Chemist: 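Dropping the structure in here first, questions after.
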Amino acid sequence: MRKITPLNNGWVFLKADLSPEQAEAYREQGERVSLPHTWNALDGQDGGNNYHRGGCWYLRTLTAEELSGERVFLEFGAAAMSAEVRYNGELLCRHDGGYSAFRVELPKTGKTENLLAVAVSNEDNDRVYPQKADFTFYGGLPREARLIAVPETHFELVKDGTPGIKVTPVVDLENRSARVKVETWQTGGTVTFSLNGEEKRAASENGYAAADFTIENVRLWDGVNDPFLYTAKATLNSGDEISARFGCRVFGFDPGKGFFLNGRPYPLRGVSRHGDLKGKGNALSYEDHERDMAILRELGANTVRLAHYQHAQEFYDLCDENGIVVWAEIPYITMHMANGRENTLSQMRELITQCYNHPSIAVWGLSNEITAASAVTEDLLENHRALRDLCRRLDPTRKTTMANVFMLETDSPILDVPDVSSYNLYFGWYLGELSQNDEFFDDFHKKYPGRVVGFSEYGADANPAFHSSRPEKGDYTEEYQALYHEHMLDMIDARPYLWATHVWNLFDFAADGRDEGGKHGENQKGLVTIDRSLRKDAFYLYKAAWNKTEPFVHLCGKRYENRCEEETEIKIYSNQPEVTLYVDGTPVGTQAGRRVFRFRVPLLGEHLIRAEAGGVSDSMCIRRVQEPDGSYIFNKAAATVTNWFDADEFDPAFFSVQDTLGELRQHPQAGPIIETMMAKGAAERGDVADVVKDNPALQRMMGRMTMLSLLKQSGADEESIKQLNRVLQGIKK
Ligand code: GCB
């Protein structure tokens, strides 16, 4: 029998980069903590990009009682980012990579008290990913730790954090049967395998044993419809026993028709998730994971991209149980490091070894936006090929993919590396117009009809404190985020060949380097806030599209109470075919439609608005005010610029900031003015501007943006915009 002893309590934490001797000496002065723990729960979420990145120590005494058993192994669910484990002063192991599990055997000492001292560091370096990315690199022991005591003859525990058992089902859809291979690794002995009421025995040979089973009338793991799980068990005559849940399913990819589950089209439509939470960092409890899954289910998504690293096993388990198809990946992100190849390979080995049995996982992600801050060099290509080949060797049953940054040219050789492609596009948020997303995929699909392509990221930041009746890109309003996603949903609906689409992101998450949209240290592209307390309007748009089980109706703009207009738009999201609107108790109209319902309502004073659909209702209170409510506006300078242009203060026969960069550049007089200005801007913006400058795709795209929107995006103030406009108004078209 195995004995599992949780080691979550009784740790001492020292927030200092000490020598092992010092750590032991200062032990009494440390802080008492329990796991999961991160030292960046607060400073990693408050902005300023100044959270503690360095070495710290965790110490704990292991008693003879805890250590009882023939062979005892220590397990960490994760140690972020690098760790050295010492036991009674002796170095037992090192581990690089902050998101995967690892185990090490504890030598027998015979002592009643044994000191476990773990040095953990999230200090920056040029070897271990991630080093450059848009999220906080929390340091600590953010998952559980355990002791696993096993008999002398036992299943493998150490190699790449393996569960010791590997289950490979091959499904024959026509005959409704599955052949299942169960493999184990152990120190010796005879293994008894059991599955679906059948038992088979195999002697361990060179530490390996396997058995084949056939399941007739197999019940499929059928996504959200019926995520049925089987269990395979392996027992050694010594009494050591392990098991793995698995599912029988067939994933398919078609360049023209998208994703298939069990032989039928099953468009993957969902969201990405980062594993952190307000005030807790990435030290999440099981209840936190469960709540995230409940929100994902409420939304009605059938897929999740678990970005940008290996998530907790509990969450993959929840995906298995709930039928959510998963994109799993390693943190090979943003910037390729010449010294990082070994680490990408070890993180991928661990991801696949530890997650292989999860039926929910469909693809292994090689990297994310790796060319955002790196050129496509031979070294980078080789690194990707090595990763892909490793994936194929360890898991020939699954496809590889990668998330490309939008400025990567579609004929780049890197697109040939993974089995299926995917792009992250932010047209309509960082750059460009919404319709450029549509065009991008149309062009890609036309040019590469044989390539499977997906949409791995898209999103727009929204701070639910900000509102506008005339939402626009860059204003951080809840209304612009909603409009943005309305466009994207339609765009995606019209392109069923997209094998998967993932909203960036289900939740706001910590990115300590960010300071924007009225929040410090947060990326606000979530459909739900980082504390999970508030679902933004856009959340309900997706719920209207995806949730087929729970009738609901949602009034948008609940937080936009004070409105300075004679007539206002009342927008409703619902998964019902018909919606009725009531103002102050009186029905004002019924509309048939799909997802989005819009009504115009005169605003006289304070009004109680209620929407009813399919037996459910939602209500809110809004009121007419004389002056715009300043607390709703984030970028006050940009807001006045818009008003100023509304007054038509320009002569269309002459150039203005309303013209596109492309048009202005072509004119002999306007062109040089704009070039000088852009060069100055680029010099101030460093790296990113350099990438933009050298990228023809980006240049083409920017050429189609108006000067005004480029200026606003770069944060130009009202006076400089007016100044340029005055100059341009002096140049005849
Ligand atoms: C991306 C990255 C993601 C960022 C996101 C953003 O493309 O892959 O990590 O958080 O953009 O919000 O800018």
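In each ligand, atom 1 is the first atom listed, and ligand 1 is the first ligand listed. Note that the structure is a prediction, hence the values are computed from the model and not measured.
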Chemist: Could you see which bit of Phe135 sits under 4.0 Å from ligand 1, with heavy atoms only: side chain, backbone, both or neither?
Modeler: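 Within the 4.0 Å criterion, Phe135 makes no contact with ligand 1.
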Chemist: When you measure from atom 10 (O) of ligand 1 to every protein heavy atom, which one gives the shortest distance, and what is it?
Modeler: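 Here the closest protein heavy atom is Asp134 OD2, 2.5 Å.
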Chemist: Numbering the atoms of ligand 1 from 1, which are under 4.0 Å from a heavy atom of Phe509?
Modeler: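 Contacts of ligand 1 toward Phe509, numbered from 1: 10 (O).
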Chemist: How far apart are the closest heavy atoms of Tyr99 and Pro130, and which atoms are they?
Modeler: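 Where Tyr99 meets Pro130 most closely, the heavy atoms are CE1-CD, 3.9 Å.
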Chemist: Out of all atoms in ligand 1, which are within 4.0 Å of some heavy atom of His308? Include the element for each.
Modeler: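 Numbered from 1, ligand 1 contributes 3 (C), 8 (O), 9 (O).
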Chemist: Which residue supplies the protein heavy atom nearest to atom 13 (O) of ligand 1, what is that atom called, and how far is it?
Modeler: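 Nearest protein contact, heavy atoms only, for atom 13 (O) of ligand 1 is Tyr430 OH, 2.4 Å.
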Chemist: For atom 7 (O) of ligand 1, which protein heavy atom lies nearest, and how many Å away is it?
Modeler: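 Looking only at protein heavy atoms, the one closest to atom 7 (O) of ligand 1 is Glu369 OE2, 2.4 Å.
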Chemist: Indicate whether the side chain of Gln313 and that of His358 have a donor and an acceptor atom separated by less than 3.5 Å.
Modeler: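 Result is yes, a qualifying pair exists.
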Chemist: Would you mind running through ligand 1 and noting each atom that sits below 4.0 Å from a heavy atom of Asn368?
Modeler: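 Counting atoms of ligand 1 from 1, those under 4.0 Å from Asn368 are 2 (C), 8 (O).
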Chemist: Heavy-atom distances under 4.0 Å are what count here, so tell me which part of Val405 touches ligand 1: side chain, backbone, both or neither.
Modeler: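 Answer for Val405: neither.
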Chemist: Closest approach of Gln481 and Lys525, non-hydrogen atoms and distance?
Modeler: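 Shortest heavy-atom contact: NE2-O, 3.5 Å.
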Chemist: Write down the atom of Tyr266, the atom of Val325, and the distance for their closest heavy-atom approach.
Modeler: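 Closest pair (atom of Tyr266, atom of Val325, distance): CE2-CG2, 4.3 Å.
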Chemist: Using a strict cut-off of 4.0 Å, indicate which atoms of ligand 1 neighbour a heavy atom of Asn424.
Modeler: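 Checking each atom against Asn424, I get 7 (O), 8 (O).
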Chemist: Thinking salt bridges, do Glu439 and Lys446 make one under a 4.0 Å N-O criterion?
Modeler: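 Looking at Lys446 together with Glu439, the answer is no, because their closest N to O distance does not fall below 4.0 Å.
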Chemist: Residue-level breakdown please: for Arg514 versus ligand 1, do any non-hydrogen atoms fall below 4.0 Å on the side chain, on the backbone, on both, or on neither?
Modeler: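 Within the 4.0 Å criterion, Arg514 contacts ligand 1 through side-chain atoms alone.
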Chemist: Return the closest protein heavy atom for atom 1 (C) of ligand 1 as residue, atom name and distance.
Modeler: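 Its nearest protein heavy-atom neighbour is Glu457 OE1, 2.8 Å.
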Chemist: With the threshold set at 4.0 Å, does a side-chain nitrogen-carboxylate oxygen contact exist between Arg53 and Asp512?
Modeler: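 Judged by the 4.0 Å cut-off on N to carboxylate O distance, Arg53 and Asp512 do not form a salt bridge.
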Chemist: Does the side chain of His467 pick up a donor-acceptor pair with the side chain of Glu479 at under 3.5 Å?
Modeler: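 Side-chain D/A pair, His467 to Glu479: present.
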Chemist: Of all the atoms in ligand 1, which lie at a distance below 4.0 Å from a heavy atom belonging to Lys525?
Modeler: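 Within the 4.0 Å cut-off of Lys525, ligand 1 contributes 6 (C), 12 (O), 13 (O).
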Chemist: Test ring-ring contact (aromatic ring centres under 6.0 Å, His included) on His308 and His274; report intermediate values, then the result.
Modeler: CA-CA 7 Å; His308 282 307; His274 258 300; 5.5 Å; yes
